[in-house]
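Data first, discussion second: the structure below is written as structure tokens.
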Amino acid sequence: MSLDLTAPQILKTDAIALRIAPFSRTSHVVTWLSAEFGRITTVVKGACRPKSAFLGQYDLFYCCELLFYRHEHDGVHAIREVTPLDTREALRADWRRVVTASYLADLVSRVAQPAQESGDLYELLDETLVALCRAPPTLGTMLQFELSLLQHQGVLPGFALCPTCHTPTAAPWVRFAIGAGQVRCAHSTPSTAGESVLTVHREVLLQLQRLSQETQHYTAKAGDQGCAQEPLAPHLSLGLWRFLGIFIRSHLDTPPGPRRLALELLETDPARFGGATTGDS
Ligand SMILES: [Zn+2]
């Protein structure tokens, strides 16, 4: 028995709009994330015409019911119908939420695979966007999302320190192997030749460990708080951000630009971002 790939199938799914790009003067290419089919790329013909049936039916971060024609497993599909289920209006009232949501959606669009069941990833993005509608973002929001994403991709680093070498009285700097995703010391697996090793403050690893543990309960908390319960230590914020950035670039192969831009835009208000208090600048 074989699947007839020549006949177009009509498929229905809920999907989150990750990216909208012009395709021609009047059409769009829209990238979606769905739980059932992973990343879906669709062309919306005539999307920008004044009488288009698609007008106002989708926008970035919308969750929509999507009816589309699938000709092949991968490629660009044609949309038949799109109906908004959740427009997430609260996101649009605050540019910080838009900037954060844009970065997260961009990250997901790069990691998600077409024609692949992606229920966990869909749930993570959906819940984070719902949480962002309820509360403004913090650095913890972004880091927790990234840690969850690394976990879904099976490349979450191990933050555990060596009980012999990395004691509270020892020097605070720890060597961390980026490729292996673990600390290095005399007791760990020996480093391989040419291995990329970062020197990182012990506290950075401990904070990331705490965040990744909180991430396990993220779903339960997202409903009310939407972000980390405990604020991150301000003096560690940049270290956390940089360390995880290097790790993500290495393991998810994503460009640094969108992430850096998100931080630069959010950093303009240190009171909100990173937990610093006002008046210390
Ligand atoms: Zn050791």
Side-chain angles (χ1 to χ4, degrees), residues 103-104 107-108 110-111 120-121 124 128 137-222 225 227-260 262-263 266-267 270 273-276:
Y103 166 62
L104 303 184
L107 189 57
V108 167
R110 294 171 193 278
V111 166
D120 285 352
L121 190 57
L124 173 67
T128 306
T138 64
L139 180 62
T141 313
M142 303 243 258
L143 294 176
Q144 283 194 320
F145 185 90
E146 291 175 334
L147 288 166
S148 296
L149 197 66
L150 289 170
Q151 193 173 23
H152 286 152
Q153 299 302 112
V155 289
L156 184 69
F159 300 113
L161 299 172
C162 172
T164 310
C165 304
H166 307 131
T167 57
T169 52
W173 301 102
V174 174
R175 294 171 72 244
F176 190 93
I178 290 294
Q182 62 183 79
V183 297
R184 288 288 185 224
C185 71
H187 305 89
S188 67
T189 334
S191 299
T192 46
E195 181 179 63
S196 173
V197 175
L198 272 182
T199 302
V200 60
H201 199 284
R202 188 173 52 212
E203 282 300 317
V204 165
L205 295 180
L206 290 174
Q207 288 266 344
L208 284 171
Q209 187 173 38
R210 176 172 72 75
L211 274 176
S212 72
Q213 282 161 357
E214 280 179 8
T215 297
Q216 324 279 326
H217 312 290
Y218 186 77
T219 308
K221 286 197 283 184
Q225 302 295 328
C227 50
Q229 300 281 303
E230 276 179 62
L232 297 166
H235 67 286
L236 290 174
S237 297
L238 200 58
L240 289 169
W241 180 259
R242 280 187 181 151
F243 173 81
L244 205 56
I246 292 168
F247 192 84
I248 284 171
R249 260 175 84 181
S250 165
H251 285 269
L252 300 183
D253 200 24
T254 51
R259 191 175 190 268
R260 196 188 306 131
L263 180 72
L266 290 172
E267 252 187 342
F273 202 62

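Atoms within each ligand, like the ligands themselves, are counted from 1 in listed order. Since the structure is predicted, the reported quantities are computational estimates derived from the model, not experimental observations.
- For Tyr103, there are no ring-ring contact (aromatic ring centres under 6.0 Å, His included) partners, not counting sequence neighbours.
- Within the sub-2.8 Å shell of the Zn ion (ligand 1), the protein contributes these N/O/S atoms: Cys162 SG, Cys165 SG, Cys185 SG, His187 ND1.
- The CD1 atom of Ile178 sits 11.0 Å away from atom CZ of Arg249, with the distance rounded to the nearest 0.5 Å.
- Among residues at least two apart or in separate chains, side chain to side chain donor-acceptor pair (under 3.5 Å) pairs with a member in residues 193-202 are Arg184-Glu195, Ser191-Glu195.
- Between the side chains of Gln213 and Arg210, no donor N or O sits under 3.5 Å from an acceptor N or O.
- Using a 4.5 Å cut-off on side-chain heavy atoms (C-beta onward), Phe247 and Glu146 make no contact.
- For His166, there are no ring-ring contact (aromatic ring centres under 6.0 Å, His included) partners, not counting sequence neighbours.
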